[in-house]
Amino acid sequence: MEAKIKAFMDEVKTRNGHEPEFIQAVQEVAETVIPYIAKHKIYNGKNILLRMVEPERLVSFRVAWVDDDGEIHVNRGYRIQMNSAIGPYKGGLRFHPTVNASILKFLAFEQVFKNSLTTLPMGGGKGGSDFDPKGKSDDEVMRFCHAFMLELNRHIGPNTDVPAGDIGVGAREIGFLFGMYKKIRNEFTGVLTGKGRSWGGSLIRPEATGYGTVYFAQSMMQTNGMDLKGKDVVISGSGNVAQYAAEKALHLGAKILTLSDSQGYIHDTDGIDEEKLAYVMDLKNNKRGRISEYADKYSAATFYKGETPWTVKCDIALPCATQNELDGEDAKALVKNGCVCVAEGANMPSTPEAIHEFHEGKILFAPGKASNAGGVATSGLEMSQNSLRISWSREEVDQRLKDIMEDIHDSCVKYGKDDDGYCNYVKGANIAGFVKVADAMLAQGVI
Ligand code: GLU
């Protein structure tokens with residue numbers, strides 16, 4: 001089996017040698033899915049995984065725009081249409097200076113499995129730009145978004161490819177992007193998700209990724225005779241996912257100890273309560289400030305510059321910042337300090353070494369493609385509401401989200417149980433995600 005996996009990875013590396021994040025994401029899937037393929041005749045010898053690692057289409061384009069001082073800038077825009085076997089391409093847009101083809105291909109590849117897990121009919125895609133919205137005025141962000149959509153519009157559509165937000169793309173950016181799409185195409189459709197409430201957005205979509213991550217953690221805990229009540233929770237990040245993960249964990253009776261951003265983390269020994277979380281939301285979403293300002297306001301908190309929060313003793317860890325933010329040493333510290341559950345709110349925040357430590361320590365570990373799937377699942381619910389031209393109540397969307405997260409949890413358990421009874425959620429998520437897409441690809445023939 002090792003030789004089979006190596007031969008497959010050698011081929012992937014030959015074609016994508018300069019894309020480390022993409023290779024990392026594929027390696028994790030190959031290690032769990034190739035043994036499954038070998039045992040199941042219908043998938044054997046069809047090169048299905050080899051077809052899945054090649055994007056159906058990859059678009060790269062110039063985005064030229066003018067800043068407030070009249071200077072012209074050039075950024076690179078992308079859309080990666082990875083797999084449409086089970087539905088239109090679906091996945092977010094990321095605006096961040098680190099964006100390149102490797103990052104977006106890893107995200108698009110993960111999205112295929114994640115979207116399959118949601119039980120909704122969505123293929124996988126991802127896109128974005130190396131544009132950095134930080135420090136830009138609203139007008140500059142608008143001009144950039146409009147320029148970006150001037151090209152992107154010809155590649156997307158409500159039945160073709162439906163982008164949404166990701167890092168650096170929130171309600172403000174989706175608004176500008178939607179406005180330009182509507183202007184060019186002269187049609188009001190559900191071509192983007194994460195829209196504002198008054199123009200086609202779904203209730204609970206802003207909360208969904210963070211809420212879903214906590215629902216998933218709750219399912220893992222309950223399956224093992226525990227729950228979130230009274231537990232110490234360490235969270236990284238302070239953006240959309242971290243904020244709503246904190247909110248839901250608070251509602252379920254947990255104590256939130258940390259939040260972070262790219263400059264460091266804050267540790268509040270009294271816990272971040274509802275009022276303090278409201279301060280963080282205003283600081284981050286309206287004032288676009290830094291998390292260090294929290295420690296200036298609340299005396300129980302300390303700011304640790306340039307550090308990550310994984311050495312703080314906790315029961316549950318929710319990495320909600322970005323890829324590869326939690327390495328092997330961090331994982332060792334978490335396990336040693338008694339952490340029993342890690343659920344990823346970000347995409348691929350744990351390195352392969354970290355995942356190895358979690359599995360060795362036999363703690364509960366959920367990969368992002370399972371635990372953070374609530375965001376895109378609720379995007380799927382937004383698409384359904386747009387097609388039906390109705391909007392569901394908060395309770396209805398939240399209940400559907402909860403049900404979907406429980407279904408994903410059950411699928412992971414179905415395919416992820418090891419012989420000793422330990423649930424390997426990585427294996428479970430990869431195989432469950434694979435099976436649905438592979439069956440559709442087989443039915444549709446070699447295309
Ligand atoms: N960017 C989110 C993710 O990583 C959401 C994508 C979407 O809603 O289409 O899943």
Side-chain angles (χ1 to χ4, degrees), residues 21 25 78-84 86-96 99 103-129 152 156-158 160-171 173-174 177-178 190-196 200-213 216 237 239-245 319-323 325 343-349 366-386 397 400-401 404-405 408 429 433:
E21 293 83 4
Y78 300 91
R79 187 69 185 167
I80 300 185
Q81 299 179 330
M82 200 74 193
N83 194 302
S84 61
I86 62 167
Y89 308 106
K90 180 84 196 83
L93 296 169
R94 177 176 291 192
F95 290 170
H96 194 270
V99 161
I103 300 272
L104 293 183
K105 273 172 72 178
F106 114 65
L107 289 163
F109 184 66
E110 295 255 314
Q111 200 81 45
V112 173
F113 292 78
K114 185 195 304 196
N115 294 4
S116 165
L117 284 169
T118 65
T119 69
L120 303 174
M122 298 182 290
K126 202 88 188 190
S129 173
L152 186 70
I156 62 174
T160 309
D161 183 353
V162 183
D166 195 83
I167 294 172
V169 178
E173 289 76 13
I174 293 293
L177 291 164
F178 184 78
V191 67
L192 292 161
T193 60
K195 300 185 291 297
S202 173
L203 286 165
I204 299 286
R205 178 62 190 89
E207 295 89 338
T209 313
Y211 278 19
T213 302
F216 197 95
N240 169 267
V241 183
Q243 290 172 16
Y244 288 107
C320 297
T322 194
Q323 67 270 358
E325 55 161 315
E344 294 185 333
N347 290 313
M348 207 170 74
K369 59 170 81 84
S371 49
N372 77 28
V376 74
T378 309
S379 278
L381 301 178
E382 182 171 330
M383 289 165 72
S384 304
Q385 294 170 79
N386 291 164
V397 181
R400 284 177 191 263
L401 168 63
I404 289 171
M405 295 316 294
I408 298 174

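This chain uses plain numbering: 1 for the first residue, then up along the sequence. The basis for the numbers below is simple: all heavy atoms, side chains too, and nothing from hydrogens, waters or symmetry mates. Indexing begins at 1, ligand by ligand and atom by atom, following the structure's order.
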From the candidates K90, E382, R205, the one that places a heavy atom nearest atom 5 (C) of ligand 1: R205
Non-hydrogen atom of Q111 closer than 4.0 Å to ligand 1: yes
Donor-acceptor contact below 3.5 Å, side chain T213 vs main chain S371: yes
Nearest-contact summary for atom 6 (C) of ligand 1 - protein heavy atom, Å: G92 N, 3.5 Å
Q385 to S202 - nearest heavy-atom pair and separation: NE2-OG, 3.0 Å
Close-contact set for ligand 1 against K114 heavy atoms, below 4.0 Å: 3 (C), 4 (O), 10 (O)
From G165, G91, G194 - option closest to atom 2 (C) of ligand 1 by heavy atom: G165
Atoms of ligand 1, numbered as shown, that sit under 4.0 Å from any heavy atom of A164: 7 (C), 8 (O), 9 (O)
Part of K369 within contact of ligand 1 (heavy atoms, under 4.0 Å): neither
Side chain N372, main chain T209, donor-acceptor under 3.5 Å: no
V376 versus R205, closest heavy-atom pair with distance: N-NH2, 4.2 Å
Under 3.5 Å side-chain donor-acceptor pair for N347 and E110: no
Non-hydrogen side-chain atoms of T322 and R94 separated by less than 4.5 Å: yes
For K126, the ligand 1 atoms whose distance to one of its heavy atoms is below 4.0 Å: 1 (N), 3 (C), 4 (O)
Side chains of L152 and P163 in contact at under 4.5 Å (non-hydrogen atoms): yes
Per-atom contacts, ligand 1 versus S379 - under 4.0 Å to a heavy atom: 7 (C), 8 (O), 9 (O)
T209 contact mode with ligand 1 (heavy-atom cut-off under 4.0 Å): neither
